Protein chains: 2
Amino acid sequence: MTDVNTVLALAAAQREASRARWFDLLRIPSVSAQPPHAGDCRRAADWVRAQLAQIGFTATVRETAGHPVVVAHHPGPTGTGPHLLFYGHYDVQPPEPLELWTSPPFEPVLVDGRVVARGAVDDKGQTMTWLEALRFWHEAAGGPPCRVSVLVEGEEEIGSRNLPEFLEANAEELRADIAVVSDTNMWDADTPAISTRLRGMLYTQIDITAANKDLHSGLFGGSALNPINLLTRILGDLKDEGGEILIPGFYDEVPDLPAALRAQWDALQFNEAAFLGGVGLSVPAGEVGRSALERLWARPTADVNGIWGGYTGEGSKTVIPSQAHAKVSFRLVPGQSPTKVLAGLRDFIVARLPDDAQVKIQVFSMSEGIEVHSDSPWITAAVPALEAVFGRAPVLMGCGGSIPVVSSMKTILGLDSLLVGFGLDDDQVHSPNEKFDVACFERGIDSHIRMLDALSKVQAR
Amino acid sequence: MTDVNTVLALAAAQREASRARWFDLLRIPSVSAQPPHAGDCRRAADWVRAQLAQIGFTATVRETAGHPVVVAHHPGPTGTGPHLLFYGHYDVQPPEPLELWTSPPFEPVLVDGRVVARGAVDDKGQTMTWLEALRFWHEAAGGPPCRVSVLVEGEEEIGSRNLPEFLEANAEELRADIAVVSDTNMWDADTPAISTRLRGMLYTQIDITAANKDLHSGLFGGSALNPINLLTRILGDLKDEGGEILIPGFYDEVPDLPAALRAQWDALQFNEAAFLGGVGLSVPAGEVGRSALERLWARPTADVNGIWGGYTGEGSKTVIPSQAHAKVSFRLVPGQSPTKVLAGLRDFIVARLPDDAQVKIQVFSMSEGIEVHSDSPWITAAVPALEAVFGRAPVLMGCGGSIPVVSSMKTILGLDSLLVGFGLDDDQVHSPNEKFDVACFERGIDSHIRMLDALSKVQAR
């Protein structure tokens, strides 16, 4: 068998070539949200497929109702042993507002050890870390050290809306032993991390209608129902002053944090004052009596992400509008059912609705929280691999965000995910001047080279 | 002295000429809110000034920081006796959306006894009722039967923002015994009305700021303050379930409705079910335990007229925004001080504001409620004049709306107002296809002819 150091030596000798391929992908403006870029999305899919074909994979571009999915397979040296499914996405967020970029978003530049471009890290850069690792395994050893499948989608930034159906239709083909996902961050620039938890999500839009037209507040004020007042009353009731969410039954399936995990997170000595200070805040606003990391990683939330209704222009208009709207989302923890939370939300609203008001609740996103136990053999294998690259052990951290595809792979394919990403908190993901540190990129490649070696030796359950 | 019937006969003989003059004024697109129409506003002022000059007034167009004001005076037959100040405004609301008009807004048409045009009633049509009455008094008797001054402004639809300063600078010139204002409605198409109450107004914009930029709800949810959640909490607290406003001290200066007035209003047998049914509602939403007319005319309100913040586009965006905004207005009753209510609102908000949130409260309108006692000699004189025209006594009604200029004339000039208007509830004021019934217009002229006669005989206090 090829020694992993041979593969690492090859990668080290070809840093420029790796960066050139990464730049090639970054130059394709594969903005999934913008229909004029549909052709670019397909171009990015073709580019990824060609890369995989070059390194010995059976690689195909597969159609969906939206942008295509790249699926590829490699049997590994023996056709047996662990089967890894690498997941990534080739689509990116819109680059707007363009005027805030210091260089054109689809012309990557290397400045002070950082590559600046839309998608630099999310998720083209991260995807390239494992794609390059697979390339060097191919060049050094003729292929990966175990069976590998690849799934690279083009709609992650628009909610992976066609992916669940695709996973269901291709479940047999895609079912592996573990999904490997690089779409998360490190603990800090020198410390790798494995994310063992993701929060789930219920994202809704609440539309309240009262009168059949806008009314004059002088003529109707004191008699007619005001749907904005009503909406603020409902949303204002959502949480008490201590930050507890007041939907009946909301916490029924929220588990207490295990003492061991609490101790582990406490040991991280997360500096919430610095975290909040960076955005101009000073006082934690979540549930009182919980630690910062518990609130961020292991407690559910209820946030109004948007609200609108009535007159919002300059000056004054004395209107009692007919409608009011809000986007309300809940971050959920493993154990909570988005469906049950939605039912609770509906009951909560209806209980506060006068006869004259109608409510419509639209659902834009539903996913369950994810938890991978830290004694998983995949994590046990990944830890020393990362330690060997970084010179320090990875932090087993939670993640307050949601990656719906990880939930889908669990629900539909029965697959746990190993979440190892190389982003940093200051990467400006989804913002102008998105960047990825070259050091993170290169250590990401090396980490995946070592993890492929380590994971290939896991005894699949 | 000229008999009032001579004046009425002249008016009756010249209906077409009256209408033609009214149409001339309607053809001037004097939209005060739209800077390109500044010239049209001045043209309307000049037109009004010329009308007044034609009928014997010393009439001038006076500059302000905005659109000009027309001021005119006539000494009457003796230079003594009651001094009336007629108030009107020549500016109109923007006509948009144009596509909803059945005919061009500035090309008046007579259809089924109604004149359709922007400003048909508000306030060009109403202003023309007394301007025509003054014309016929001039033609029949050489001038009005008592001393008359005229004030026609061009910024009523944008909050009369330069009028208070103008009134202060010209107080001596404008101080009269009573202001006569036609900018209100009749009780119904056959029943005239005198409005004896107007609600006051405090119109604010509340801007709440938390973090110094928009945040990702996955990264920050559970730690960072959400200003929309906070705003909904504050606004949701404004009223209890029974509709009572919870700002401490808010009702301190709200008087109980006098029993006589309550009995008078009860006798009107206002049909709230029909009133609400017309706009698709069925359940009164104001304070419980109060009659409809009391809630509409004699109780204060708190309405959120607009709200916005965060993501309001299609689909979802998991943002915790940095800011949230609302337009919040209060209809006030006579006795309540807008300044005191504003201070109470500020305290109410600040008491609910965490350390990390900043609030800015902008004030767009402040006016006091107005009450004219029904035993006022001016009302006593106007009642039989209106009864003579309509064949039925006028209703002494309240008005839930606010006319800030009436408050200004009271505060700055010490003037009570006699509020007699000829609009109907279905006139589509501020909406497309604004109209004024020709019958209302003509009976308005006759009413003002008779009221001039009656008011000229009042013994000024």
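Every heavy atom of this structure was used, including side-chain atoms; hydrogens, water molecules and symmetry mates were not. Small disclaimer: the values here were computed from a predicted structure and weren't measured.
Highest contact tally toward chain B, considering only A:Gly280, A:Gly315, A:Gly401, A:Gly286, is held by A:Gly315 [criterion: heavy-atom pairs under 4.5 Å]. The residue among A:Gln205, A:Lys239, A:Glu287 with the most heavy atom pairs within less than 4.5 Å of chain B is A:Lys239. Of all the listed residues (B:Leu235, B:Leu215, B:Asp425, B:Asn226), the one sharing the greatest number of non-hydrogen pairs under 4.5 Å with chain A is B:Asn226. In terms of heavy-atom pairs under 4.5 Å with chain A, the best-connected choice from B:Val283, B:Leu225, B:Leu219 is B:Val283. The residue among A:Cys399, A:Gly306, A:Ser322 with the most heavy atom pairs within less than 4.5 Å of chain B is A:Gly306. Residue with the most contacts toward chain B among A:Gly400, A:Gly310, A:Gly309, A:Ala324: A:Gly309 (heavy-atom pairs, distance under 4.5 Å). Contact count against chain B (heavy-atom pairs under 4.5 Å) is highest for A:Gly222 among A:Gly222, A:Gly313, A:Ala210. Between chain B and the options A:Asn212, A:Ile228, A:Ile307, heavy-atom pairs under 4.5 Å are most frequent for A:Ile307.
Heavy atoms closer than 4.5 Å to chain A are found in the backbone of B:Glu314, but not in its side chain. Contacts between A:Ala292 and chain B at a heavy-atom distance below 4.5 Å are absent for every atom of the residue. For A:His325, no part lies near chain B; criterion is any non-hydrogen pair under 4.5 Å. For A:Ala357, no part lies near chain B; criterion is any non-hydrogen pair under 4.5 Å. Residue A:Gln358 does not touch chain B at all, counting heavy-atom pairs closer than 4.5 Å. Proximity to chain B (any heavy atom under 4.5 Å) is shown, for A:Leu198, by neither the backbone nor the side chain. When heavy atoms are compared at a cutoff of 4.5 Å, A:Arg199 approaches chain B solely by way of its side chain, counted from C-beta outward. For B:Tyr203, the part lying under 4.5 angstrom from a heavy atom of chain A is the side chain only. Heavy atoms closer than 4.5 Å to chain B are found in the side chain of A:Thr301, but not in its backbone. Proximity to chain A (any heavy atom under 4.5 Å) is shown, for B:Ala326, by neither the backbone nor the side chain. For a residue to count as touching a neighbouring chain, one of its non-hydrogen atoms must lie under 4.5 Å from one of that chain's; by this rule A:Pro354 does not touch chain B. Residue contact with chain B, scored on non-hydrogen atoms closer than 4.5 Å, involves the backbone and the side chain of A:Ser282 alike. The parts of A:Ser217 that come within reach of chain B are both its backbone and its side chain, each placing non-hydrogen atoms under 4.5 angstrom from that chain.
Considering CG of B:Leu281 and CD1 of A:Ile320, their distance stands at 9.5 Å, rounded to 0.5 Å.
B:Val279 has its side chain within reach of A:Lys213: a pair of non-hydrogen atoms, C-beta onward, lies under 4.5 Å apart. Looking at heavy atoms from C-beta onward, A:Ser223 lies in side-chain contact with B:Leu276 at the 4.5 angstrom threshold. Between A:Asn229 and B:Asp303, the closest side-chain pair of non-hydrogen atoms falls below 4.5 Å. Looking only at side-chain heavy atoms (C-beta outward), A:Glu241 and B:Arg233 come within less than 4.5 Å of each other. Residues B:Thr318 and A:Arg331 have side chains in contact (heavy-atom distance under 4.5 Å, counting atoms from C-beta outward).
Heavy atoms of other residues, nucleotides or ligands lying less than 6.0 angstrom from CG of A:Asp355 number 12 at most.
Counting all heavy atoms, side chain and backbone alike, B:Ala224 lies closest to A:Ala285 at C-CB, 3.7 Å. Here the closest heavy-atom approach between residue B:Tyr311 and residue A:Trp308 is recorded as O-CZ3, 4.3 Å.
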